[in-house]
2 protein chains.
Amino acid sequence: MTTLEEHRCFDGMQGFYEHASREVGLPMRFGVYVPPQAAKGPRPVLYCLAGLTCNEQTFAIKAGAQQHAARHGLVLVTPDTSPRNTGVGEADADWDFGTAAGFYLDATREPYAGRWRMESWLMRELSPLLQAQFPVRGDRAGILGHSMGGHGALTLALRHPGRFSSVSALAPICAPTEVAWGRKAFLGYLGEDADAWARHDAVRLIEGGARAPALLVDQGLEDQFLASQLRPERLEAACAASGQPLELRRHAGYDHGYFFIASFIADHIEHHARTLCA
Amino acid sequence: MTTLEEHRCFDGMQGFYEHASREVGLPMRFGVYVPPQAAKGPRPVLYCLAGLTCNEQTFAIKAGAQQHAARHGLVLVTPDTSPRNTGVGEADADWDFGTAAGFYLDATREPYAGRWRMESWLMRELSPLLQAQFPVRGDRAGILGHSMGGHGALTLALRHPGRFSSVSALAPICAPTEVAWGRKAFLGYLGEDADAWARHDAVRLIEGGARAPALLVDQGLEDQFLASQLRPERLEAACAASGQPLELRRHAGYDHGYFFIASFIADHIEHHARTLCA
């Protein structure tokens with residue numbers, strides 16, 4: 001593991017790191033915020049998954065989450081959103097697919113299979129790496145995400161019961177199999193396998209009986225992607241029909257960007273801390 | 001004035017705007033955060049001046065100041081750091097001079113004179129524009145800045161007594177006539193006129209009898225530019241010798257970047273609000 005940058009921040013340390021990923025077969029980057037309480041022992045960890053076009057620095061720079069992590073004693077982890085410099089030329093053609101658009105799954109279709117292994121990287125490689133290299137408790141993890149990262153947070157929690165004790169999302173892609181961003185990604189990464197698509201769709205997973213800890217979801221009502229890509233009403237209906245606890249908050253005037261995230265991140269960190277730091 | 005972007009943020013509005021500047025002779029950009037309290041009437045304004053390489057969005061995106069401005073009811077203004085697209089080719093050659101390095105003064109040397117008029121733009125054009133277009137009180141203004149913007153905040157407050165009721169800086173260039181960044185800028189913008197240099201140097205101004213409201217200055221002790229470019233000890237000595245009130249706080253472990261700014265911005269907004277919102 002290589003340290004790229006480290007900056008003192010709210011009496012803790014915001015760092016950015018790179019390691020040679022076994023799962024991806026390439027160097028992968030991630031950010032870690034270690035709160036001041038970690039000087040006395042390992043702390044719970046909160047994975048923060050970013051959206052399309054973002055990298056491991058975006059959430060760390062723009063969300064304003066460290067001040068709240070410092071108050072509660074949470075480690076924040078911000079993984080990059082895809083492999084980089086893969087040699088797959090077509091992966092750089094679009095902003096909503098390929099590079100910076102990994103959708104937090106393992107691709108099965110060429111030329112993405114073998115490199116785009118975001119789920120395995122996060123769940124099987126980054127998680128133990130963090131416990132080995134940082135003051136992180138192995139038994140207390142939460143996950144949140146924004147947009148594509150909200151899809152990631154919901155689906156990873158639903159697909160890996162017991163791994164995350166707390167889950168939340170801001171403006172998540174709730175039903176990717178039904179919207180353009182998700183269909184493009186799933187077709188590209190998974191091919192025309194409808195069952196595989198359903199296994200990475202939060203609404204389908206909940207409809208199929210998967211359960212996660214009580215969800216907190218925030219959504220801006222002036223979000224330019226609300227109707228076309230996000231569809232929180234589908235998540236709301238699936239949770240209501242199947243008894244999955246959900247608090248869905250709709251916020252007048254807010255759009256899809258980081259000024260929206262920053263405005264509500266305190267509530268999300270609080271939501272996770274209530275469980276993780278109890 | 002053209003609205004470039006507006007985003008709801010902490011129940012207020014973060015916008016970015018452009019207007020045809022009379023002083024600069026080109027379009028100039030700036031950000032404005034309007035807090036929720038402005039719905040009931042004009043609010044005090046805090047100018048936030050950014051450092052080298054920044055633009056009107058940098059501080060608004062990275063500092064995390066809006067949450068505190070929303071609590072206190074302060075309008076935040078983030079001006080761009082120089083004219084852009086000036087046609088002066090050499091202005092784009094270096095990161096520490098020319099474009100994004102206006103040093104908050106009016107240049108007198110060609111080819112910068114006539115375009116690089118940051119002081120006149122801020123003091124004579126942007127200030128009345130804000131009062132005309134935004135819910136801003138004309139009688140209550142504060143100013144803060146980081147690095148080159150810290151130099152700007154200190155020198156504009158010292159050069160325009162009575163215009164700013166509160167002043168603070170993070171890692172400011174305290175004695176620009178004595179360091180490489182400042183000497184390069186002053187030589188380029190002002191020529192070899194030592195008296196002109198001194199009129200834009202906070203330490204020299206204070207030594208010469210200029211006074212500002214009580215200063216709050218924060219400085220990280222791991223700042224990579226501390227000894228070579230910033231020299232807070234020169235400000236400290238000048239203030240002590242001449243009775244200018246100064247609270248200089250040195251912070252172990254912190255560097256020059258926005259994670260440092262974010263860690264202490266709450267104290268700065270509080271410092272300004274105590275005077276501006278009293």
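By convention in this document, chain letters (A, B, ...) are assigned in the order of the sequence lines, proteins followed by strands, and residues within each chain are numbered from 1. Given the structure is predicted, the values throughout are model-derived calculations rather than measurements.
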Does any backbone or side-chain atom of [X] lie under 4.5 Å from a heavy atom of chain A? Answer side chain, backbone, both or neither.
{"X": "B:E6", "value": "backbone"}
{"X": "B:E222", "value": "neither"}
{"X": "B:Y258", "value": "neither"}

Chain B contacts, top residue of A:A63, A:A262, A:G220, A:G64 (heavy-atom pairs, under 4.5 Å): A:A262
Partner chain B: residue of A:A70, A:G257, A:A252, A:G253 with the largest heavy-atom pair count (under 4.5 Å): A:G253
Chain B neighbours within residues 7-15 of chain A, where any heavy atom lies under 4.5 Å away: A:H7, A:R8, A:C9, A:F10, A:D11, A:Q14
